[in-house]
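Notes to accompany the following structure.
If you're wondering where the values come from, they're calculated on a predicted model, not measured in any experiment. If you read the sequence from its start, that first residue is 1, and numbering goes on from there. We use all heavy atoms of the structure for the numbers below, so side chains are in, but hydrogens, waters and symmetry mates are not.
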Amino acid sequence: MTFTGKTVDYAVREHRAYLTLNRPDRLNAITAEMAREISGAVTAANADDSVRVIVVQGAGRAFCAGYDLKLYAEGGEEHQGPVWDPIKDFQAMKANTDHFFSLWRSAKPTIAKVHGYAVAGGSDIALSCDLVVMAEDAKIGYMPARVWGCPTTAMWVYRLGAERAKRMLLTGDTIDGVQAKEWGLVIDAVPAEELDAAVEKLVDRMAGVPINQLVMQKMMINQAYDNMGLQTTQNLAILFDGITRHSPEGRWFVDFAQQHGFGAAVQWRDAGRFIPDGGGAVPTEDEIADMYRELAEKAAAEEEPSR
């Protein structure tokens with residue numbers, strides 16, 4: 001079985017399949033087409049008897065920077081509509097989540113190779129893989145937990161446990177590869193220039209195992225998560241994701257994006273600035289200018305050498 005995609009490149013060599021997210025001009029931001037193509041490539045890899053391990057990676061400067069939401073957020077009412085249909089929303093987001101989770105459900109093991117960013121929906125893709133190897137300077141996190149999102153795969157709690165999952169999702173913070181390894185979120189973190197070699201070393205070790213052994217070990221481990229209610233938790237997360245995008249605060253975020261651009265709205269959210277309960281007035285131009293000035297001063301301070 002062969003696979004050809006527009007947003008996901010697929011290649012097979014030496015008993016491994018490489019799935020490369022390929023929208024580098026948008027930091028591999030997710031579209032519905034990309035979600036479908038991830039699943040299609042996983043299906044192709046599982047049907048190929050020569051493939052024993054699947055590697056997921058990103059082209060360009062990042063693994064994946066999340067959903068491509070700029071047009072959706074800035075478009076406003078014609079996209080969200082005056083009346084929200086939660087079932088249609090659930091069906092669409094569950095389809096995407098199931099496509100991502102084809103990496104977890106894959107009979108053959110999957111490894112995410114993360115450089116740059118695996119954030120927002122990009123973290124859903126990475127954490128759907130069996131193993132994650134990060135560059136030490138790469139960032140992972142789910143910033144929309146602050147407003148306008150809930151991680152639909154729900155994998156943060158299954159990988160980190162309750163307390164550290166709450167630490168991430170009650171702040172929307174990101175962590176680098178070093179901390180992700182220390183917390184047990186990922187299996188390894190290495191200097192960026194060693195990332196390819198580290199993943200290939202791991203794949204080499206796994207590819208020497210017969211396919212039936214790989215499948216059985218993975219199936220046994222995954223079954224334990226199913227017994228812990230993984231699917232039920234995902235269904236709740238998908239429903240909550242839709243609600244976050246249509247809550248008063250979610251509408252406030254869309255108003256912000258319409259008036260000042262999606263980039264400014266995301267900067268406000270991710271910088272940790274106040275998000276009013278129940279919505280409220282969108283920040284003024286002066287307040288946004290203050291935010292950018294503070295961010296510039298913080299960046300400059302971080303670049304100064306320590307004394």
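Between Lys108 and Asp130, none of the side-chain N atoms (NZ, or NE/NH1/NH2) sits under 4.0 Å from a carboxylate O, so this pair counts as no salt bridge. Between Asp255 and Arg251, no side-chain nitrogen of the basic residue sits less than 4.0 Å from a carboxylate oxygen of the acidic one, so the salt-bridge criterion is not met. A salt bridge links Arg273 to Glu294: at least one charged side-chain nitrogen sits closer than 4.0 Å to a carboxylate oxygen.
Taking the six-membered ring wherever Trp is involved, the centroid distance between the rings of Tyr158 and Tyr225 falls below 6.0 Å.
Using a 4.5 Å heavy-atom cutoff, the side chains of Tyr10 and Tyr18 are not in contact. By the 4.5 Å heavy-atom criterion applied to side chains, Ile111 and Val203 are counted as neighbours. With a 4.5 Å cut-off on side-chain heavy atoms, Trp148 and Val254 count as touching. Ile30 is not listed as a side-chain neighbour of Asp68, based on a closest heavy-atom distance of 4.5 Å or more. A 4.5 Å side-chain heavy-atom check between Phe253 and Arg245 finds every atom pair outside the cut-off.
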Would Trp104 and Thr153 count as a side chain to side chain contact (heavy atoms under 4.5 Å, CB included) if you check the C-alpha gap in whole Å, the side-chain angles of each, and the deciding distance to 0.1 Å?
CA-CA 10 Å; Trp104 182 265; Thr153 62; over 6 Å; no
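Checking side-chain atoms of Arg23 against main-chain N and O of Ala29 turns up a donor-acceptor pair under 3.5 Å. The backbone N or O of Val147 lies less than 3.5 Å from no partner atom in the side chain of Glu249, so there is not a single donor-acceptor pair. Although no hydrogens or angles enter the test, the distance criterion places no donor-acceptor pair under 3.5 Å between the side chain of Thr174 and the main chain of Gly141.
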